[in-house]
Every structure is written in C-alpha cells, then in structure tokens.
A.B. asks: 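Here you go, one structure.
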Amino acid sequence: MKRVFLATAVSTQALLGAAHAQEAESPRRLEPVLITTTPGPDRASDELIGNATALERDDIVRNLSSTLGDTLAGEPGIASTFFGQGASRPVLRGLGAERVQVLTNGIGVIDVSAASPDHQVAADGIDAEKIEILRGPAALAYGGQAIGGVVNVIDGLISEAIPEKAVSGDLLGAYNSVNEGTELAGRAKYATGPVVLALSASMRDFGDYDIPGFVESARLRALEEAEEAEGEEHEESRGQVENSFLKTDSLGAGLSWVGERGFAGLAVRRQTAEYGLPGHSHEHEEGAPEEGEEEQPFIDLEQMRYDFRAGYDVAGDVITRVSGSLAYADYEHTEFEAPGEPGTRFETKGWEARGEVDHAIAGFEGALGVQALDKELFTEGDEAFITPTDTKSFAVFLYEAREWDNGFGVEGGLRGETVEHDNDVQGKAEFDLFSGSVGIHQHTEGGWFFGAQLSYTERAPNESELFAFGPHLATAQYEVGDATLDKERGLNVEGTVRWKNDWLSFGMNAFKTSFRDFIYLTPGTIVEDGVIVDVADDLPVFLFTQDDAEFIGAEIYSEAVFDNGPMGALWTLKGGVDFVNAELGSGADVPFVPPRRLTADADAKWALFELGAGVEWADGQDDAGIGQLPTDSYTLVNLRGALNLAELGFGQEGTQAFVEVRNVTDEEARLSTSVLRDLLPLPGRNVRAGVRVAF
C-alpha cells in the first residue's frame, strides 16, 4: 500500500511541477463533461458528489477492446470480468454482474449477460457515440441492480438535436497483431429540415489470441503437478489461447424528428456474435470426445432491439420537461459443444419503459419518474442451470437538488419498487424494495468542491441466485440457488474532495458500503441419491448464500492539460489510484475483488503528430476468497503514435492514422475479477494499427 501512495504522490507532484512551469503560457481550460444518466436535467460531472466520467468518441476509439468491460477497464475504479475476447462485464468498486446496471440509451440491455461471465453484453461500444459511467450507488434512478454503479452506452441513433452539419459521421478500421484480427465501424447522420437519419455498422473478426507464456497459471500448474504425482496427467499449452476467437456484426438505424422544443425518434439495432469459450471442460458429460478428438465449444448469439424515445420542453414555472423511453428486445444465444452440435439455448425477450417529469419548485430542480420491466427468460439443454423465469418490476422515483449562491447544495431522492420472479419449477418470489439517498456539497471560489452522500439501497436476488440448479461450466461449478433468499441491503457513505483550475484538476472519492444479507457463492453440499456430496457431475458444489459484508475503498485521480510544454507540444498528463477491500461478516474475503492499482498516462500533441504512453500497475491479490487462488502483480505498458490527417487536408478534426503497442513488455497478467484467472491470461503484446476518418 505504501508504494502505491508513494507513486501517486510522486506522479501528482510531477503534474504540479511540470504544469506550473507552463501556467504563465496559454492555459487550456479543463471543461466538465455533461452526464445524461442522472435523473432530471443533464449535470456536469464536477457537480456530482459521486465519481462520474464519460468517454467521448475519441476516447472510445483509443481504448477500444473486444468487449465493454475491457474497453472501460483502464478507468479509475473499473475492472473487468475478462472471459477471453468474447465476453466481459465492467466491475465497479469490486461489484459486478447483478450489481452493475449496463444500459443502452438509459434503458437496460435486456440480455443474459448478468447470468454468467461467459455471456456477452449486448452493447460493446465499438460504434457508440458516448459511454457514461456512474460509480457507486445509482439506486435512486435505476434500483438495487445499480448499487455498484451504472454504465450507459449511448449509440446516438435517436437524435435530440439537429446536427451542426447536414452530413456527418466517422469511419474506423484497425488491425490487431495479437489475434490477426480486424475491426471496422462506421457511423453517419444525415439531417434535412427537422428530420435526422442515423446509421451505424460494425464488425470484428479476431482469431485466437497470443499470450507470453503458459495458458494455465503457475499456481494451477503446481497443483496439477501434485495430482500427476498421484497418477493423473494434465496437458500444458502455451503461446496461444485455443478457441478464443471472436466474430461480431451489428447494424443500426434511427429516424428522428427534432423541433424547437422537443424530439421523437425510433431506432432498430441487430447484433450478432460468435465466439469461442476457452477454458470450458465437458469431460464430466456422457459422450465426451474420445482421445484425439477436439471439442471447441462456442456461443452463437443474436439480438434485435427496438427503441422509442421522446422529450418535450414544457418551459413552465413548475413542469419544465417531460421525456420517455421504451425498448423491446429479443435476445437468443445457443452454446454449441462443437460445430453442428447445439447444446444449451438461452432466450430472453421483453420490454422496459421509463418516463420522467422534470420540475422546478421553490428553488429545487428534480424529476419524478416511473420505470417498468417485463421480460421472459427461457432455457433448454443439458447445461440450462437456470429454469425458465418471468420477471416483472415497477418503480416510482423522485429526485431533488438545489444549490444556493454561496456554493452550498443539497440533493436527494427516494425510490420504491416491486419485483416479481415467476419460475416454472419453484414458483414465485416477490420483493418490495426501497432506496433513498441524501447528499450535501460545497463549492468554493478557490476551485474546491467538498461533498458527502449517504445512500440506502435494497436489491432483489436475480434469477441465478434464486433458481440455479445444475452444472455451470463457465465457472466450473455446480451452482445451487436458494428460492428463500432475502433481499440484499446496502448502506453507503461516500465523501468527495475535488479541486480544479483552468489546467489542473485533482479529486478523491472515498466510500464505505455495508451490506446486510450480501449474496455470494461459496463451496457447499447437496443431497444426491440420499447422500451428502460436495461434488456433482464432477464439479464442486457452490451454493448461493447470504452474509453481511463490508466494502471500503477509494479512487484518487488527477489531470493536467497545458500548452507549449516540452518540445512545444500540448501535453495531457493523467494519474490515478484505486483500491477496494471487501470482507464478509464471517471474516472471509469476498471473492473476485480487484487489487490495488496505479495508472499513469502522458500524451503530447502537435499539429501533425501525437505521441502517448501509459502504464498500469496492479498489485497481487492475496485476499482471493474461499476456493480461489491468489493472483500475482503485473505491470502493463502501452505506447501510441498518430498522424493527424486532417492537418493534411483529409477529413475533419479527428481524422488520423494511428499505431499502438499494447502490453509492450509482453507481460503475463491475470485478473482477480475473472472466474478464469488461472486458465486465461490477458493478451500478450499487440500492435494495433488503423485509420479513423471523421466527416
């Protein structure tokens, strides 16, 4: 811990010293980012007590990886559930899956990604306009499923304003050496009068990816060597992760009407993907392949999604705006044991709607809203560890905020929700949920912002936690749910300190979340044929159970932007530290929690060229949780160079040819947040070269 904070102090002093030398020059103002995910009027990120950030299109292209979780994993407080190139979800402050709400344009993704780490999120950002991240309890607006935070992928297919140009957009093409993979994406808007047409398309074609060493971790190989001494043999592979390929395609279109005070639009999007499931083992099943045969399980998925969104500025003394969204999605994926041999099928279809009425009363601005969800989950096949379940929910929420002329502000809100899960086998489970928050903040003329927030959240167990019963090969566990689980309760306290001027900013968010009846998986036993066993279908039995838990952590971040630095460049320097410690009431460690991490980035920009370097250091995770092996520390170094083609007369600003080298030192890195940490390291050295054209 000491070396983490020492490194942070050194990097922060470097930022201060280097930037101070340029203060007398032409300072470049640090502008706040507008966040649309919060209830009520859009708010600047530096007005929020919680840690909120947004990746604009330039940032998305630069950070783009094969999955949403991996694209966001370099941001402060965010990790990934990394399941190879095909699937990952973001982990915020040590919480993931069922506690991080992933949205598309403010409405849930309506897929099955929260049910298993090998299920892909139906939104990965390759053709997104913007991605917003709210860390910490966003329960006021989105319920208990968002106690860890919210990730909102904004695709831009529905326009709320007329674009500045009649025709605009961008194209992206890139090649990756680590998997001999190509990626293409295109976005375009055409405006005529009040009508805006938006189009998007993307594709990826990645082969198996290269790694610097063995597929299995040193700790796992040591355990297997011990088993070999007892007569069991294990194969070792290295250099490449077999069956880690990925192919994706997406097409989207939106048509909007935009008036002086309102808008309305429709959008449709089709996404398909096929990706291998590395690390899967089916040896326990009857009819497993004989010696010499290869089994390459993979997932083939498709989602059709339809969105409607509208808003109108009333501009009244009390009611200021009304808005609403409705989405319907039909998602299906089939897990194939081998080409032509379909195994298990997951299907979910349903709709989600959300409406808000923004208002201004006695100096307070806020929103009164409702949200409803109705979806069906259907499963069939040998590995359908969850039986079919229908889920319905309805919520009402209220949010209010006010700031006085002296910079003092208050905010808070309430949310009431009902959730009903109706399972074909085990019947209904119903929950009445309540959430609330209150916060205060103080701006000062010197650029300081101080804030404190108290939030209480209740979360209903999801389908897996309640009704799972069977082999779950993604986690190599025989998972058993509990239909009698109680709702999960979380009490969060968060403090914020931020400071900024025109060219330098610094911030820290510290938090403590105390859970009552925290739901987690732990080794256990079941009764099989009248015998108590801890192994079923050759897999260890894991039970969903409840205990109290406590999460304590912080994010520390800084940024400096200044002109005419060394070599006459525009410099951007960033640094950050994040950590979280999580412990159950029994004293055991919560599994799949990220370790302490330090990041630092430096970018230099001239008119024609850009150069950048970044480093990420992650500590070893020794507090791995029951049944999990520790992970080692690692350091990832990335380099980037770009030629700004717009300066040469090609395209608009943002048009460039770029070359990146990710993981320059070919370091072996394994994520403690991944269920396949010991079977699946991160990719090795990757040279990514491409072109982006903006018009």
Side-chain angles (χ1 to χ4, degrees), residues 28-38 42-48 51-65 68-78 90 102-106 123-135 149-165 168-172 174 183 185-189 196 198 200 202 252 254 500 503 505 507 557 559-561 570-574 576 599 601 603 605 610 612 614 638 640 642 644-646 651-656 658 660 688 690-695:
R28 184 181 181 88
R29 183 172 178 80
L30 288 170
E31 298 292 343
V33 176
L34 287 180
I35 302 295
T36 65
T37 311
T38 55
D42 297 348
R43 301 179 65 189
S45 57
D46 58 3
E47 298 292 325
L48 299 171
N51 187 358
T53 54
L55 273 66
E56 303 289 349
R57 184 61 185 168
D58 290 350
D59 302 317
I60 294 171
V61 170
R62 178 170 180 154
N63 298 339
L64 190 63
S65 294
L68 179 65
D70 297 337
T71 295
L72 302 179
E75 298 295 305
I78 305 180
V102 179
L103 311 173
T104 298
N105 305 316
D124 64 19
I126 186 172
D127 53 1
E129 182 177 273
K130 184 179 181 181
I131 302 176
E132 297 179 346
I133 308 112
L134 276 68
R135 299 158 185 81
V150 170
V151 174
N152 186 22
V153 180
I154 300 171
D155 59 23
L157 292 178
I158 296 178
S159 298
E160 300 186 15
I162 297 293
E164 295 181 0
K165 297 188 296 182
S168 61
D170 66 69
L171 303 172
L172 169 68
E183 50 190 328
R187 303 168 60 253
K189 286 188 178 182
V196 182
S200 71
S202 69
K500 68 177 295 184
W503 51 271
S505 69
Y557 42 91
E559 180 178 2
V561 179
L570 166 64
W571 285 83
T572 302
L573 305 177
K574 295 182 180 180
T599 59
D601 293 275
D603 292 281
K605 182 177 181 180
E610 295 182 21
N638 302 315
R640 185 178 190 272
N644 294 318
L645 300 177
Q652 302 296 313
E653 183 178 356
T655 298
Q656 59 179 217
F658 60 86
E660 303 169 355
R688 179 175 181 249
V691 176
R692 180 191 175 202
V693 178
F695 57 90

A.B. asks: When rounded to the nearest 0.5 angstrom, what distance separates CD1 in I60 from OG1 in T71?
C.D. replies: 8.5 Å
A.B. asks: Would you say that N644 contacts K605 through its side chain, given a criterion of any heavy-atom pair below 4.5 Å between the two side chains?
C.D. replies: yes
A.B. asks: When you check the gap from the basic side-chain N to the acidic O, do K500 and E559 get nearer than 4.0 Å?
C.D. replies: no
A.B. asks: Are K189 and E129 ion-paired here, with the side-chain N under 4.0 Å from a carboxylate O?
C.D. replies: yes
A.B. asks: What verdict does the side chain to side chain contact (heavy atoms under 4.5 Å, CB included) test give for R135 and I78, after you've listed the backbone C-alpha separation in whole Å, the side-chain angles of each residue and the deciding distance to 0.1 Å?
C.D. replies: CA-CA 9 Å; R135 299 158 185 81; I78 305 180; 3.8 Å; yes
A.B. asks: If you take all heavy atoms of S159 and G156, which pair is closest and at what distance?
C.D. replies: OG-O, 4.3 Å
A.B. asks: Please report the interatomic distance OG(S202) to CG(L172), rounded to the nearest 0.5 Å.
C.D. replies: 10.0 Å
A.B. asks: Considering non-hydrogen atoms only, spot the tightest contact between A54 and I35 and give its length.
C.D. replies: CB-CD1, 4.2 Å
A.B. asks: Check whether the side chains of N152 and N105 place a donor and an acceptor atom closer than 3.5 Å, and report yes or no.
C.D. replies: no
A.B. asks: Side chains of Y557 and T599, heavy atoms from C-beta outward: is any pair under 4.5 Å?
C.D. replies: no
A.B. asks: Kindly compute the distance separating CG (L171) from CG (D127), expressed to the nearest 0.5 Å.
C.D. replies: 12.0 Å
A.B. asks: Does any non-hydrogen side-chain atom of E132 lie less than 4.5 Å from one of L103?
C.D. replies: no
A.B. asks: So, S168 and R187: side-chain donor and acceptor under 3.5 Å apart, yes or no?
C.D. replies: no
A.B. asks: Whether R692 and D58 form a salt bridge (side-chain N of Lys/Arg under 4.0 Å from carboxylate O of Asp/Glu) is what I want to check.
C.D. replies: yes
A.B. asks: Measure the CD-CG distance between E660 and N638 for me, rounded to the nearest 0.5 Å.
C.D. replies: 8.0 Å
A.B. asks: For the residue pair G654 and A694, what are the closest heavy atoms and their distance?
C.D. replies: C-CB, 4.4 Å
A.B. asks: Do you know which two heavy atoms are closest between E75 and T53, and how far apart they sit?
C.D. replies: OE1-OG1, 4.4 Å
A.B. asks: Using a 4.5 Å cut-off on heavy atoms from C-beta on, say whether the side chain of Q656 contacts that of E610.
C.D. replies: yes
A.B. asks: Quick check for you: to the nearest 0.5 Å, what is the distance between I154 atom CD1 and T37 atom OG1?
C.D. replies: 5.5 Å
A.B. asks: Do I131 and V151 touch side chain to side chain, with heavy atoms closer than 4.5 Å?
C.D. replies: yes
A.B. asks: Taking it one step at a time, do V150 and I133 satisfy side chain to side chain contact (heavy atoms under 4.5 Å, CB included)?
C.D. replies: CA-CA 6 Å; V150 170; I133 308 112; over 6 Å; no
A.B. asks: Rounded to the nearest 0.5 Å, how far does OG1 of T655 lie from CG of D170?
C.D. replies: 8.5 Å
A.B. asks: Could you check if a side-chain atom of T104 sits within less than 4.5 angstrom of a side-chain atom of D155, using non-hydrogen atoms only?
C.D. replies: yes
A.B. asks: Check whether any side-chain heavy atom of R688 lies under 4.5 Å from a side-chain heavy atom of E183, and answer yes or no.
C.D. replies: yes
A.B. asks: Does D601 come within less than 4.0 Å of R62, counting only side-chain N to carboxylate O?
C.D. replies: no
A.B. asks: For a quick test of reading the model, state the closest non-hydrogen atom pair linking V693 to V691 and the distance between them.
C.D. replies: CG2-CG1, 4.0 Å
